[in-house]
Chemist: 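One structure, as structure tokens, below. Some questions next.
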Amino acid sequence: MQESDQRLLIIDDDEMFCHVLHRALSRRGYEVLVAHDGAEALSLARRHRPQMATLDLKLEQESGLKLLPELLELVPDCRVVVLTGYSSIATAVEAIKLGAVNYLCKPADADEVLTALSREEGDPEAEVADHPPSVNRLTWEHIQKVLQEHDGNISATARALGMHRRTLQRKLQKRPVRR
């Protein structure tokens, strides 16, 4: 299939990111569709049957992980890359288990997205970090894992972590800690 025959759906609530990625992919010959929420994404997928999609992990009021199985049920052969500014090991593992072909941290450009969509196998030459993650990063990862285990329920996660719900909400509003 030629690039010009490829239809790609961008699902992201960041309008500027969508605009930039749409323009870059269109210039490469892709037919690009954009959705800013789950309902719009499923409607476009049903009508246009995209071969590829990028899916933001954290949409405004929705989880991309919950949307992923619905999208793949509508278009089973769609290759989906999950993009996020809130990366964690737990969400990366879940995204792959749910059918994503790859997982990228934002910011990601069009070339990185296309590479991630086209990769068929893992890379045994992938770089292994020289230093272990910081305690703050491990805390972030643990919170994400427990949140995932409780299906995104903030109150249940806070109880499981032994912290006040508002404290957890403040921690989740911050950007993830760098390695």
Side-chain angles (χ1 to χ4, degrees), residues 1-129 140-141 144-145 147-148 152 175-176 178-179:
M1 194 176 287
Q2 302 223 347
E3 283 183 2
S4 60
D5 298 334
Q6 293 284 347
R7 190 171 298 123
L8 190 145
L9 174 59
I10 299 170
I11 308 165
D12 202 303
D13 56 359
D14 181 339
E15 292 188 28
M16 181 56 72
F17 176 77
C18 289
H19 175 74
V20 170
L21 190 57
H22 179 283
R23 189 174 66 210
L25 293 170
S26 294
R27 286 181 177 162
R28 288 168 174 79
Y30 290 86
E31 179 185 341
V32 182
L33 308 162
V34 176
H36 298 295
D37 61 48
E40 185 180 12
L42 294 175
S43 176
L44 286 171
R46 192 175 292 112
R47 279 185 288 161
H48 299 283
R49 313 215 30 95
Q51 291 84 17
M52 298 174 285
T54 65
L55 174 59
D56 189 11
L57 179 68
K58 188 174 179 178
L59 297 168
E60 188 71 29
Q61 299 296 320
E62 304 168 85
S63 163
L65 290 180
K66 290 188 178 187
L67 182 60
L68 181 56
E70 295 178 63
L71 178 63
L72 290 174
E73 187 175 312
L74 283 174
V75 190
D77 57 341
C78 185
R79 296 182 59 79
V80 181
V81 168
V82 173
L83 293 172
T84 185
Y86 298 88
S87 64
S88 73
I89 293 168
T91 56
V93 169
E94 290 305 317
I96 300 304
K97 283 182 178 178
L98 291 168
V101 297
N102 220 319
Y103 182 97
L104 289 177
C105 298
K106 286 181 178 176
D109 64 28
D111 291 330
E112 291 170 314
V113 168
L114 292 174
T115 298
L117 283 164
S118 66
R119 293 213 30 223
E120 296 288 336
E121 297 177 1
D123 180 6
E125 301 299 319
E127 185 178 324
V128 177
W140 171 263
E141 295 280 351
Q144 293 300 312
K145 179 179 180 283
L147 184 64
Q148 185 63 36
R175 297 295 269 169
R178 292 286 167 217
R179 306 263 171 213

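The figures that follow rest on heavy atoms only: side chains count, while hydrogens, waters and symmetry mates do not. All residue numbers refer to positions in the sequence shown, counting from 1.
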Chemist: Quick one: does Val101's side chain get under 4.5 Å of Val81's, heavy atoms only?
Modeler: yes
Chemist: Enter the distance from Asp37:CG to Asp12:CG here, rounded to the nearest 0.5 Å.
Modeler: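 Interatomic distance, Asp37 CG to Asp12 CG, rounded to 0.5 Å: 11.5 Å.
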Chemist: Hey, does Ile11 have a side-chain heavy atom less than 4.5 Å from the side chain of Leu59?
Modeler: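 In contact.
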Chemist: So which atom in Asp109 and which in Leu21 form the shortest heavy-atom distance, rounded to 0.1 Å?
Modeler: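 Closest approach of Asp109 to Leu21: C-CD1, 4.5 Å.
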Chemist: How would you list, by chain and number, every residue that makes a side chain to side chain donor-acceptor pair (under 3.5 Å) with Ser43, sequence neighbours excluded?
Modeler: Arg47
Chemist: Given Ser88 and Thr91, is the side chain to side chain donor-acceptor pair (under 3.5 Å) satisfied, shown in steps?
Modeler: CA-CA 5 Å; Ser88 73; Thr91 56; 3.0 Å; yes
Chemist: Test: side-chain hydrogen bond (donor to acceptor under 3.5 Å, both in side chains). Region: residues 60-69. Which pairs qualify, not counting sequence neighbours?
Modeler: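 Passing the test, one end in residues 60-69: no pairs.
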Chemist: Taking distance alone, no hydrogens or angles, what donor-acceptor pairs closer than 3.5 Å link side-chain atoms of residues 67-79 to residues at least two apart or in another chain?
Modeler:
{"unit_1": "Arg79", "atom_1": "NE", "unit_2": "Leu117", "atom_2": "O", "d": "2.6"}
{"unit_1": "Arg79", "atom_1": "NH2", "unit_2": "Leu117", "atom_2": "O", "d": "2.8"}
{"unit_1": "Arg79", "atom_1": "NH2", "unit_2": "Arg119", "atom_2": "O", "d": "2.8"}

Chemist: State, with a plain yes or no, whether a side-chain heavy atom of Leu55 is found less than 4.5 Å away from one of Leu9.
Modeler: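 A side-chain contact under 4.5 Å is absent here.
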Chemist: What is the minimum heavy-atom distance between Ile10 and Leu8, and which atoms define it?
Modeler: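 Closest pair (atom of Ile10, atom of Leu8, distance): CG1-CD2, 3.7 Å.
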Chemist: Given side chains that start at C-beta, do those of Phe17 and Leu83 come closer than 4.5 Å, heavy atoms only?
Modeler: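 Yes; the side chains approach each other to less than 4.5 Å.
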Chemist: Determine the minimum heavy-atom distance between Arg7 and Gln51, stating which atoms define it.
Modeler: N-OE1, 2.5 Å
Chemist: So how far is it from Glu112 CD to Asn102 CG, rounded to the nearest 0.5 Å?
Modeler: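 Reported value, rounded in 0.5 Å steps: 11.0 Å.
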Chemist: Side-chain contact, heavy-atom cut-off 4.5 Å: Thr84 with Tyr103?
Modeler: yes
Chemist: What residues, two or more places apart in sequence or in another chain, satisfy side-chain contact (heavy atoms from CB on, under 4.5 Å) together with Glu94?
Modeler: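 Counting only residues at least two positions away or on another chain, Glu94 forms a side-chain contact (heavy atoms from CB on, under 4.5 Å) with Leu65, Lys97, Gln148.
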Chemist: How close do Leu33 and His48 get, counting heavy atoms only, and between which atoms?
Modeler: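 So the minimum-distance heavy-atom pair works out to CD1-CB, 3.5 Å.
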Chemist: Could you work out, with side-chain contact (heavy atoms from CB on, under 4.5 Å) as the rule, every residue matching Ala24, not counting sequence neighbours?
Modeler: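 Only Arg28, Ala110 meet the side-chain contact (heavy atoms from CB on, under 4.5 Å) criterion with Ala24.
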Chemist: Nearest 0.5 angstrom please: Asp14 CG to His36 NE2, how far?
Modeler: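 Asp14 atom CG to His36 atom NE2 measures 9.5 Å (nearest 0.5 Å).
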Chemist: In chain order, what residues pass the side chain to side chain donor-acceptor pair (under 3.5 Å) check against Arg27, with sequence neighbours excluded?
Modeler: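 Result, side chain to side chain donor-acceptor pair (under 3.5 Å) vs Arg27: none returned.
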